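In the text below, chain A, chain B and the rest are named by the order of the sequence lines, each starting its count at 1. Owing to the predicted nature of the structure, the values given are computational and were not obtained by experimental measurement. Both backbone and side-chain heavy atoms feed into the values below; hydrogens, waters and symmetry mates do not.
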Amino acid sequence: MKNNLNNLDKPYNPKETEDKIYAIWEKSGFFNPDNLPKKPQTKKQKTFSIIMPPPNANGSLHIGHAIFVALQDIMIRYHRMKGDKTLWLPGADHAGFETQVVYDKKLEKEGRSRFQIPADQLRQEMWDFTQANKKTMENQLRKLGASCDWSREKFTLDKDIVEIVYQTFEKLKNDGLLYKGKRIVNWCVKHQTSLSEVEIKYQERKDPLYYIKYGPLELATVRLETKFGDTAVAINPKDKRYRKYVGEEIEIETVLGKSKIKVIADETVDINFGTGAIKVTPAHDPADFEIWQRHKDEMPEPKQVIDRFGKMNELAGPYQGLKIMEARKKIEEDMIKKGLLNYSKTDHHYKHNVATCYKCGTIIEPLILDNQWFVKMTEKPHSGGESLRDAAVKAVKSGKIKFIPKRFEKIFFHWMKNIKDWNISRQIVWGIKIPDENTTDVFDTWFSSGQWPFAVLLAQNRSSSKLKKNIFDYTTKDFEEFYPTDVMETAWDIIFFWVARMIMLGLYATGKAPFKCVYLHGLIRDKERQKMSKSKGNVIDPLGVIDIYGADALRMALVVGNAPGNDPIIYEEKIRGYRNFANKIWQASRFVLMNLDGFNPKAKPKLTLSDKKRLKEINKLKKEITKLIESFKFYAAAEKLYHYFWHIFADKIIESIKPRLRENNKKDRQAAQHLLLEILKTNLKLLHPFMPFITEEIWSKLPIKNKKLLMIEQWPKKPF
RNA sequence: GCGCGCUUAGCUCAGUGGUAGAGCAUCGCUUUUACACAGCGAGGGCCGGGGGUUCAAUCCCCUCAGCGCGCACCA
């Protein structure tokens with residue numbers, strides 16, 4: 001029998017194979033579940049679906065994306081081979097704030113600024129920018145071997161998706177789960193937008209804690225510069241020292257002169273901290289804002305003394321125009337001069353945590369903004385049912401949604417317990433405009449991506465006439481077939497940003513959990529355990545790696561030794577090791593093919609006792625691999641396959657069979673050939689989800705009648 | 001402050017209530033017609049410390065130490 005591998009280069013050359021193979025797959029149409037061979041009518045068609053976490057269309061794919069491709073493609077290819085109607089739906093995220101930040105930097109380099117460009121023009125520029133990135137990312141996904149259904153691909157700014165997002169917004173509004181108003185928000189003075197609770201990071205800082213005289217009282221504060229915005233002094237109602245002042249107006253002296261201020265009692269004031277008395281600055285402190293909300297009748301309206309750029313405004317008198325830290329220093333000096341500061345008491349080593357922007361590290365300036373939309377997390381909707389938070393917690397507690405690894409469920413519950421209402425207003429141009437006549441704000445990007453699993457399925461084949469129809473009275477074939485999806489596979493660091501929101505919004509909008517299982521992979525580190533980032537210069541470009549070692553090798557390196565939830569370490573030697581493995585597969589396959597002359601597939605093999613043992617052994621392997629994949633232990637399955645192929649099949653079986661291939665005993669030779677081919681075929685199938693390119697290429701060379709593509713061959717399960 | 005992890009061979013990581021595992025690296029030997037991106041062989045570990053449960057603990061419980069992470073936070 002003829003063989004082709006014989007003529008090829010000795011070391012396996014992935015470059016010559018991978019693009020060609022991907023083109024064959026894509027052309028076959030089998031990425032689309034509708035084109036897959038149907039099971040006999042007697043058997044019920046099972047489905048399997050994964051919605052791909054849509055990569056941000058503001059750059060190119062990094063090694064973290066390669067992990068999700070490797071893991072999800074394993075599941076997808078396994079289920080496809082098992083005969084399930086398998087859908088992997090790709091997409092891209094406009095990634096509102098993140099993309100705005102990236103684009104701001106680009107503009108900065110060009111000497112431009114988003115605040116000087118007309119909004120429409122900027123939006124068009126950013127649209128072109130993201131569309132170009134999206135194209136690049138699609139090709140990168142192809143390079144990685146992602147067997148996703150491109151015909152169903154969605155972008156978060158597609159018209160139909162936006163329409164669905166608006167309808168969910170309407171529903172939330174009608175259910176009383178939205179409120180808007182003048183609210184205090186986390187304001188980033190650099191990026192000029194408000195941020196949600198998960199978009200701020202606390203950083204420990206040392207700042208002086210000052211003690212200042214307030215009439216008959218003394219109080220402690222870090223923020224001298226906000227004192228012009230004080231609208232009350234608060235004490236604990238149980239504090240005997242100050243109880244007599246409650247309800248009184250006390251006369252105070254500041255650097256701006258004398259004035260009067262009300263003393264109020266609030267239980268949140270800690271008697272033991274500082275002096276037990278605090279200044280209340282509702283316009284610049286979230287906790288103080290809450291105090292004001294509780295004591296509106298006793299206090300004047302909040303007074304904003306810092307503007308959106310982090311500079312003192314006209315209410316700060318002579319300090320107007322100064323940045324916060326400059327103003328603080330100046331005020332400190334002036335207060336000392338005037339004897340308003342008990343300087344000897346100042347704690348210069350006061351450690352506290354300060355909220356900063358998670359992107360740029362700039363200290364967040366809490367500000368009161370108008371027309372801010374918030375989603376209520378802990379209140380019940382008017383139409384009945386549980387709060388967004390409670391429904392989500394229940395779904396996980398009841399096991400409707402499972403986390404892998406399970407420990408993340410605890411982290412999830414802990415966060416949900418402390419969850420705050422969600423500010424979904426962003427003051428940037430890049431995003432979905434909030435349907436509110438009084439604002440140009442856009443939605444927090446996670447408000448749309450939080451709806452992604454049901455939105456992309458409801459948006460399929462949605463004709464323009466149906467576009468307007470409310471999703472809550474409408475369904476699609478895809479939604480019926482594939483929702484809830486089977487697995488949401490993503491990185492653990494976006495549990496709160498994304499996973500929690502998908503669970504809450506999915507349950508709310510559809511009444512069903514958006515997925516049955518959340519598989520969380522870790523963040524890739526370098527050999528020094530540092531996170532990979534462009535600024536550190538330790539990033540690994542997946543395309544560069546693929547160019548040298550091949551996509552199969554990269555995928556294996558990312559899967560083996562990578563248990564869920566742990567942060568894997570990746571380095572070149574590891575990838576090289578799996579390149580070597582790919583070559584081992586290639587060489588062993590070459591050997592089998594080179595020794596097939598005279599092989600008759602129809603002849604009944606006369607197997608020896610040890611041959612039969614080997615077949616038993618491989619039956620056991622099939623079972624084990626299947627079980628490991630089903631239980632999400634991809635790292636173990638990959639390692640086992642590696643070990644079997646290399647150290648059992650290549651080192652032991654092939655070596656021991658060589659003499660039999662040379663002998664003239666035709667029957668025994670047939671048996672040996674039969675054994676080799678059977679084992680090779682089974683291994684290629686089992687390895688296919690992990691190393692799809694090389695296995696498909698070798699499969700194409702095997703002498704098999706009525707051969708299909710390996711990607712849709714039946715997953716091995718029946719014993720010989 | 002509340003909470004979650006991790007600690008196993010030089011490195012990266014699996015693992016199970018019953019005599020410790022893999023890959024890489026190391027050290028020998030081998031250029032044998034699938035493969036030197038290789039083969040054959042070898043060395044290497046009080047499974048972080050202490051205590052407990054058990055016939056038996058790397059595994060379960062307690063405790064200590066080191067490392068990492070999440071949440072919260074008051075001026």
### Query
Should the pair A:Lys584 and A:Phe645 be classed as cation-pi, given the thresholds of under 6.0 Å to the six-membered ring centre and 45° from the axis?
no
### Task
Side chain of A:Trp415 only, please: which of B:rC71, B:rG5, B:rG23 is the nearest?
B:rC71
### Query
OP1 or OP2 of B:rC13 less than 4.0 angstrom from a side-chain nitrogen or oxygen of A:Asn566, does that happen here?
no
### Task
Between B:rU32 and B:rA25, how far apart are the C1' atoms? Round to whole Å, please.
26 Å
### Message
Can you tell me if A:Tyr635 touches the phosphate of B:rG15, counting only side-chain N or O atoms and a distance under 4.0 Å to OP1 or OP2?
### Response
yes
### Message
So A:Phe408, base contact, sugar-phosphate only, or nothing? Heavy-atom distance under 4.0 Å.
### Response
nothing
### Query
Base, sugar-phosphate, or nothing: which does A:Ala588 touch, judged by heavy atoms less than 4.0 Å apart?
base
### Message
Closest-nucleotide mapping onto RNA chain B: is A:Asn580 or A:Gly561 further toward the 5' terminus? I mean the 5' end.
### Response
A:Gly561
### Query
Touch check for A:Asp651, heavy atoms < 4.0 angstrom, all strands: base, sugar-phosphate only, or nothing?
sugar-phosphate
### Message
Can you measure A:Lys410 atom NZ to B:rA72 atom P for me and round it to whole angstrom units?
### Response
20 Å
### Message
Check this for me: does the side-chain of A:Lys417 come within 3.5 Å of the base of B:rA72 through a donor and an acceptor?
### Response
no
### Task
Tell me which nucleotide among B:rG23, B:rC37, B:rG5 gets nearest to the side chain of A:Pro11.
B:rC37
### Pi-cation contact, A:Phe591 with A:Lys658 (under 6.0 Å, within 45°)
yes
### Quiz item: A:Gln587 side-chain donor-acceptor pair to B:rA36 base, under 3.5 Å
no
### Task
For A:Asp567, report the nucleic acid contact type (base, sugar-phosphate, nothing); a contact means any heavy atom under 4.0 Å.
sugar-phosphate
### Message
In whole Å, I'd like the distance from the OH atom of A:Tyr202 to the P atom of B:rG3.
### Response
20 Å
### Query
A:His643 side chain N/O closer than 4.0 Å to the phosphate oxygens (OP1, OP2) of B:rG21?
no
### Query
In whole angstrom, what separates A:Phe645's CZ from B:rG23's P?
16 Å
### Query
Using a distance-only test with no angle check, is there a side-chain donor-acceptor pair under 3.5 angstrom linking A:Asn562 and A:His521?
no
### Message
When both hydrogen-bonding distances must be under 3.5 Å and the geometry is Watson-Crick or G-U wobble, what is B:rC6 paired with, if anything?
### Response
B:rG66
### Query
To the nearest angstrom, how far is A:Phe581 atom CZ from B:rC37 atom C1'?
13 Å
### Message
My understanding is that only one of A:Arg223, A:Lys303, A:Lys279 makes a salt bridge (charged side-chain N to carboxylate O under 4.0 Å, His left out) with A:Asp230; could you say which?
### Response
A:Lys279
### Summary
Atom CZ of A:Phe403 and atom C1' of B:rG70 are separated, to the nearest Å, by 14 Å
### Query
Under 4.0 Å between a side-chain N/O of A:Lys420 and OP1 or OP2 of B:rC71, yes or no?
no
### Query
Would you say the side chain of A:Asn353 and the base of B:rC73 hold a donor-acceptor pair, judged only by whether the two atoms sit under 3.5 Å apart?
yes
### Option among A:Lys627, A:Lys620, A:Lys622 that satisfies the salt bridge (charged side-chain N to carboxylate O under 4.0 Å, His left out) test with A:Glu624
A:Lys620
### Task
Could you check which nucleotide pairs with B:rC59 in any of the strands shown, counting Watson-Crick or G-U wobble with both distances under 3.5 Å?
none
### Query
Expressed as a whole number of Å, how far does the C1' atom of B:rG49 sit from that of B:rA57?
16 Å
### Query
Is any N or O donor-acceptor pair between the side chain of A:Lys584 and the base of B:rC35 shorter than 3.5 Å?
yes
### Message
For A:Trp415, does the six-membered ring have the charged nitrogen or CZ of A:Lys417 within the cation-pi criterion, i.e. under 6.0 angstrom from the centroid and within 45° of the normal?
### Response
no
#### Entry: Minimum side-chain heavy-atom gap A:Trp187-A:Ile368 below 4.5 Å
no
### Message
Quick check for you: among B:rC35, B:rA22, B:rC69, whose closest atom lies nearest to any side-chain atom of A:Asn583?
### Response
B:rC35
### Query
Taking the P atom of each, how far is B:rG3 from B:rA22, in whole Å?
40 Å
### Query
B:rG44 and B:rC27: how far apart are their C1' atoms, nearest whole angstrom?
11 Å
### Message
So, under a plain 3.5 Å distance rule, would you say the side chain of A:Arg579 forms a donor-acceptor pair with the base of B:rC37?
### Response
yes
### Task
With C1' as the reference atom in both, quote the distance from B:rC6 to B:rG48 in angstrom, rounded to an integer.
11 Å
### Message
Can you identify which nucleotide, out of B:rG23, B:rC74, B:rC35, has its nearest atom closest to the A:His647 side chain?
### Response
B:rG23
### Task
Please determine, for B:rA38, whether a Watson-Crick or G-U wobble partner exists with both distances under 3.5 Å, and give it or none.
B:rU30
### Task
Using the C1' atom on both, measure B:rC74 against B:rC69 and round to a whole Å.
25 Å
### Query
In terms of the nearest nucleotide of RNA chain B, which residue is placed more toward the 5' end: A:Pro568 or A:Arg662?
A:Pro568
### Message
Any heavy-atom pair between the side chains of A:Lys681 and A:Ile704 that's under 4.5 Å?
### Response
yes
### Task
Find out whether A:Phe581 and A:Leu687 are in side-chain contact, i.e. whether some heavy atom of one side chain is under 4.5 Å from a heavy atom of the other.
yes
### Query
What nucleic acid atoms does A:Ile569 come within less than 4.0 Å of, heavy atoms only: base, sugar-phosphate, or nothing?
sugar-phosphate
### Query
Between B:rC73 and A:Lys351, is there an OP1 or OP2 to side-chain N/O distance shorter than 4.0 Å?
no
### Task
Please state how far atom CD in A:Glu655 lies from atom P in B:rU33, giving the value in whole angstrom units.
11 Å
### Message
Which nucleotide, if any, forms a Watson-Crick or G-U wobble pair with B:rC74, using both distances under 3.5 Å?
### Response
none
### Summary
Between CD of A:Glu573 and C1' of B:rC37 the distance, given in whole Å, is 14 Å
### Atom C1', compared across B:rU53 and B:rC71: separation rounded to whole Å
34 Å
### Task
Go ahead and name the base partner of B:rG23; Watson-Crick or wobble counts if both distances stay under 3.5 Å, otherwise write none.
B:rC11
### Query
Choosing from B:rC37, B:rG39, B:rA14, which nucleotide comes nearest the side chain of A:Ala563?
B:rA14
#### Entry: Nucleotide B:rC74, atom C1' - distance to NZ of A:Lys279 in whole Å
13 Å
### Query
Is the phosphate of B:rA34, meaning OP1 or OP2, less than 4.0 Å from a side-chain N or O of A:Lys658?
yes
### Message
Would you measure the distance from the C1' atom in B:rU16 across to the matching atom in B:rC47 and give it in whole Å?
### Response
12 Å
### Task
For B:rG39, take OP1 and OP2 only and decide whether either is under 4.0 Å from a side-chain N or O of A:Trp646.
yes
